[in-house]
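What follows is one structure encoded as structure tokens, with my remarks underneath.
Nothing fancy with the numbering, it's 1 onward along the sequence. Worth knowing before you read on, the calculation uses all heavy atoms, side chains too, and leaves out hydrogens, waters and symmetry mates.
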Amino acid sequence: PSVNGFDPSTSIEFVRQLGSRGLLPKLDAVSIHPYRTSAPESAELDYATLRSVLASYGVANMTILNSEVGRHTGSVAPGVEIDEPAQASLLVRTALTDITSGVPLTTLYTWSNASDNPGDALGNFGIVRSDGLTEKPSYNAVQTMRGLLRGASFVERPNLSLGEGV
């Protein structure tokens, strides 16, 4: 199943209903769409909550997939804009959050913008412009990240407590 948006209150209830009916062991994976306007790292708590629920139904090792996520450029709220460099940073942080959370697949919502209008939020999720060819900074950021991580395996998150004066 795919849990769209992953609102913890309703999405977790859906997973619990599957578990109570004995359906979770019949699945290969659970796919979620963890869209958010908050920091990408906030998905860690959602993944941990989902893993806890899965474990309570005997499927602690169930694979969780991020089958659709994205960040659009333009206005996300009155007075809040995401420019193209910010989109690039957010997409890379999303992918890294998934890696460190044990989520083996991160699928970006769409390849290219559907619109040239910067005010059209839904039309500006792409990593290339609406011509399908011109790369946005997010394209290069994702490609760079992929190149740097190719062949690497995640081991553990270091303690980044930097101490006083840093």
Working to the nearest 0.5 Å, report the span between [atom1] of [X] and [atom2] of [Y].
| X | Y | atom1 | atom2 | value |
| --- | --- | --- | --- | --- |
| Glu41 | Leu90 | CD | CG | 8.5 Å |
| Ser112 | Lys136 | OG | NZ | 9.5 Å |
| Asn61 | Arg51 | CG | CZ | 9.0 Å |
| His72 | Thr37 | NE2 | OG1 | 9.0 Å |
| Leu96 | Phe154 | CG | CZ | 10.0 Å |

Applying side-chain contact (heavy atoms from CB on, under 4.5 Å) between Ile64 and each of Leu54, Leu105, Asp46, report the one that passes.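 By the side-chain contact (heavy atoms from CB on, under 4.5 Å) criterion, Ile64 pairs with just one of Leu54, Leu105, Asp46: Leu54.
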Is any side-chain heavy atom of [Y] closer than 4.5 Å to one of [X]?
| X | Y | answer |
| --- | --- | --- |
| Ile127 | Leu108 | yes |
| His33 | Val69 | no |
| Glu68 | Tyr35 | yes |
| Val80 | Ser75 | no |
| Tyr47 | Pro34 | yes |

Taking all atoms of both residues into account, what is the closest heavy-atom pair of [X] and [Y], and its distance?
| X | Y | result |
| --- | --- | --- |
| Thr100 | Glu44 | OG1-OE2, 3.9 Å |
| Arg71 | Ala39 | NH2-C, 4.0 Å |
| Pro104 | Thr63 | CG-CG2, 3.8 Å |

State whether the side chain of [X] and the backbone N or O of [Y] hold a donor-acceptor pair below 3.5 Å, judged by distance alone.
| X | Y | value |
| --- | --- | --- |
| Ser42 | Ser38 | no |
| Ser52 | Ala48 | no |
| Ser56 | Val53 | yes |

Could you tell me if Ser138 and Gln87 have a donor-acceptor pair between their side chains, going purely by distance under 3.5 Å?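 On atom types as modelled, these side chains qualify, holding a pair under 3.5 Å.
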Determine whether the side chains of Asn66 and Thr106 contain a donor N or O and an acceptor N or O closer than 3.5 Å.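 Checked: Asn66/Thr106 side chains show no N/O donor-acceptor pair below 3.5 Å.
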ILVMFWY cluster, Val128 and Val142 together (side-chain gap under 4.5 Å):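 Result: yes, single cluster for both.
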Shared hydrophobic cluster, Ile82 / Tyr139 (ILVMFWY, side-chain heavy atoms < 4.5 Å):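 Not linked; separate clusters.
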If the condition is side chain to side chain contact (heavy atoms under 4.5 Å, CB included), which residues does Pro118 pass it with, not counting sequence neighbours?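 Testing Pro118 for side chain to side chain contact (heavy atoms under 4.5 Å, CB included), a comparison that skips the adjacent residues, returns none.
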Quick check: are there more than 12 heavy atoms from other residues, nucleotides or ligands sitting under 6.0 Å from OH of Tyr109?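 Incorrect, the count does not exceed 12.
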Verdict with supporting geometry, Leu50 and Val15, side-chain contact (heavy atoms from CB on, under 4.5 Å): CA-CA 8 Å; Leu50 178 55; Val15 173; 3.8 Å; yes
Can you list every side-chain hydrogen bond (donor to acceptor under 3.5 Å, both in side chains) pair that touches residues 118-134, not counting sequence neighbours?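 Every pair satisfying side-chain hydrogen bond (donor to acceptor under 3.5 Å, both in side chains) with a residue in residues 118-134: Glu84-Arg129, Asn113-Asn124, Ser115-Asp120, Asp116-Ser130, Asp131-Thr134.
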Could you give me the CA-CA distance, side-chain angles and deciding distance for Thr97 and Ser101, then say whether side chain to side chain donor-acceptor pair (under 3.5 Å) is met? CA-CA 6 Å; Thr97 297; Ser101 297; over 6 Å; no
For Phe125 together with Trp111, are the ring centres under 6.0 Å from each other?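 Here the rings of Phe125 and Trp111 have centres that are no less than 6.0 Å from each other.
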